[in-house]
Protein chains: 2
Amino acid sequence: MLGKNKVVTELSSSLPEIWRMLTDVERDQLRHNARILHFKKNELIYLEDENPRGLMCLFKGKVKIYKSGVGGRSQIIRIIRPVQYFGYRAYFAREPYVTAASAFEACTVCMIPMELIEQFLRNNGDLALFFIQMLSVDLGIADQRVVNLTQKHVRGRLAESLIFLKESYGLEEDGATINIYLAREDLANLSNMTTSNAIRTLSNFVNEHIISIDGRKIKIIDEERLRKISRIG
Amino acid sequence: MLGKNKVVTELSSSLPEIWRMLTDVERDQLRHNARILHFKKNELIYLEDENPRGLMCLFKGKVKIYKSGVGGRSQIIRIIRPVQYFGYRAYFAREPYVTAASAFEACTVCMIPMELIEQFLRNNGDLALFFIQMLSVDLGIADQRVVNLTQKHVRGRLAESLIFLKESYGLEEDGATINIYLAREDLANLSNMTTSNAIRTLSNFVNEHIISIDGRKIKIIDEERLRKISRIG
DNA sequence: TTATATTTGTGTTTTAGAACATAGTTCTAT
DNA sequence: ATAGAACTATGTTCTAAAACACAAATATAA
């Protein structure tokens, strides 16, 4: 088992923003209430309509936040990378979750009861501002996303997703392969298109020497062109 | 000119949530820094890429928040009714506005410098939570909107917009006419479709006796059916 | 390992909705 | 009050993308 010191080290280095803003007493409370959870690949983290319980901080792995829409068609709303926070919006809105979260790959998550967070930020302006800023940034992204997903064409949407994945999870050692292992279906759900169209458009990009693919691994060959396709829609 | 007492009365009754949470000193500061602005029909309130300056509270009138997308095509992101707050997200995100706001009809707006609001909420947990909750609710709506606008068909999207307008601005005295005077183009931009399609689909709804129209006035005849069309997409 | 399920790839068909064209109508500003 | 602009209406054409179908390739589990 982990000793107490190990837990302290892990929290203070892994929750840098929040940890820094807390008093000693608060840090102690956090230490006693935070739980580290592990999720296997494709495991569900929370479900639509469930009641939110904790603020999650992704320490390791990759997470998708998604929604099932008309006829159960799934739409990926956002993706989470280490070290980002998620799962807190619904609690603050006093609603059940309107999205679900699941692990793209094996994940380590730190879960802190929302009641504790709320108590902290009532007395801690910096922490409150931290959450206000996160929510504000996410709302801006969501507004932008509405326009991108509804107005851009298939090629533009897919190009945008590829760039987005690169910026979110980075590249592998070769400096070209996007560091995520995604099924075509997930790529489609991220880009608001059918799986067929994701496959077809990906093939087109390969033929045009914009990317190359090896199974699920995608290598970006001509990023400038990809960005242009994304920009003009 | 308005006397001081008049301003106080107006603020305390018009900004109920915020006013209630403030101390006497804060109320005094608010009183001295809040400005009442008037906008004519179709006047711009703020523009995309501008720097955010104030928290706006809509006292009277109707406002649209919109974004111009691919090829300048405009998308209405949300609409504001009295008494709602808007224009603060960008400041908190430390970004320029990503949306523009304009008046559907003559408006009265109270503008409070964001610096003052930030100062207040650093020391006022309730006020911080108030903003966190607003942002959280709006983010949930934005997430839902992504799915609705991308997955529902034209009929579903238009039906949804009509219900949304009814719930936002209510009905006129006849208990059926939606209390807003909107161009077909705005209706289209709200529902993510071309103006032609908004006009055509509106006509179809009339033929199916779901609504009736008299110029820009829309009367809901069969709300249950409208809701069903919205639900199934 | 082998069997079964899932994912990927491609061709074909169908369709929703955009684009375009044009005319009638209603605002709005002088 | 009237001219011009903007909005509304409707028909027609065109196209992007969904739907469908099926084969091949991979992944997963017994």
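Note: hydrogens, waters and symmetry copies are ignored here, and every other heavy atom, side chains too, is used. Order of the sequence lines sets the chain letters (A, B, ...), proteins ahead of strands, with each chain counted from 1.
- Atom OH in A/Y181 sits roughly 7 Å away from atom P in D/dT28 (whole-Å rounding).
- Annotation for B/R35: atom CZ does not count as buried by contact number, only 12 or fewer foreign heavy atoms lying within 6.0 Å.
- Using a 30° and 60° split on the angle between ring planes, B/F104 and B/Y169 fall in the perpendicular class, above 60°.
- Closest approach to the A/N197 side chain among D/dA17, D/dT10, D/dA19 is made by D/dA17 (side chain taken as heavy atoms from C-beta onward).
- Pairing each heavy atom of B/A101 with each of B/I65, the nearest pair is CB-CD1, 3.8 Å.
- Of all nucleotides in DNA chain C having an atom under 4.0 Å from a heavy atom of chain A, the first and last in 5' to 3' order are C/dT7 to C/dT12.
- Checked for salt-bridge contact, B/E160 and B/R227 miss the test: no charged N lies under 4.0 Å from a carboxylate O.
- Atom CD1 of A/I213 and atom C1' of D/dA25 are 13 Å apart (whole Å).
- When the P atom of D/dA17 is taken as reference, atom CD of B/Q151 falls 16 Å away, rounded to whole Å.
- With salt bridges taken as basic N to acidic carboxylate O contacts below 4.0 Å, one links B/E223 and B/K166.
- Between the C1' atom of D/dA21 and the CD1 atom of A/I199 lies a distance of 14 Å, rounded to the nearest Å.
- Partners of B/A176 under the side-chain contact (heavy atoms from CB on, under 4.5 Å) rule, at least two apart in sequence or in another chain, are B/D174, B/K219.
- Ion pairing of B/R78 with A/D143 is present here, as a side-chain N (NZ or NE/NH1/NH2) and a carboxylate O approach within less than 4.0 Å.
- Nearest nucleotide to the side chain of B/R200, out of D/dT10, D/dA19, D/dA9: D/dT10.
- Checking A/R184 against A/H153, the closest nucleotide of DNA chain C that is more toward the 5' end is the one next to A/R184.
- Between B/N42 and A/L182, the residue whose closest nucleotide on DNA chain C is further toward the 5' end is A/L182.
- Distance B/K152 NZ to D/dA18 P: 18 Å, rounded to the nearest Å.
- Summarising the geometry, the separation between NZ on B/K41 and P on D/dC7 is reported as 10 Å, rounded to the nearest angstrom.
- Counting heavy-atom neighbours within 6.0 Å of A/E50 CD, excluding the residue itself, gives a total above 12.
- Within 4.0 Å (heavy atoms only), A/S196 reaches at least one base atom of the nucleic acid.
- Rounded to whole Å, atom P of D/dA17 lies 10 Å from atom CZ of A/R155.
- Rotation axes derived from the C1' atoms of the five outermost pairs at either end of the helix from C/dT1-D/dA30 to C/dT30-D/dA1 lie 60° apart, to the nearest 10°.
- Partner of B/E105 under the salt bridge (charged side-chain N to carboxylate O under 4.0 Å, His left out) criterion, out of B/K62, B/K41, B/R216, B/K64: B/K62 alone.
- Following rounding to the nearest Å, A/I232 (CD1) and D/dA16 (P) show an atom-to-atom distance of 13 Å.
- Between D/dA18 and A/T194, a contact under 4.0 Å exists linking OP1 or OP2 to a side-chain N or O.
- Checked against D/dT10, D/dC7, D/dA17, the side chain of B/E185 finds its nearest nucleotide in D/dC7.
- Between B/F92 and B/F131, the distance from one ring center to the other falls under 6.0 angstrom.
- Among the protein residues, A/R216 comes within range of the sugar-phosphate backbone only, with heavy atoms under 4.0 Å from sugar or phosphate atoms but none that close to a base.
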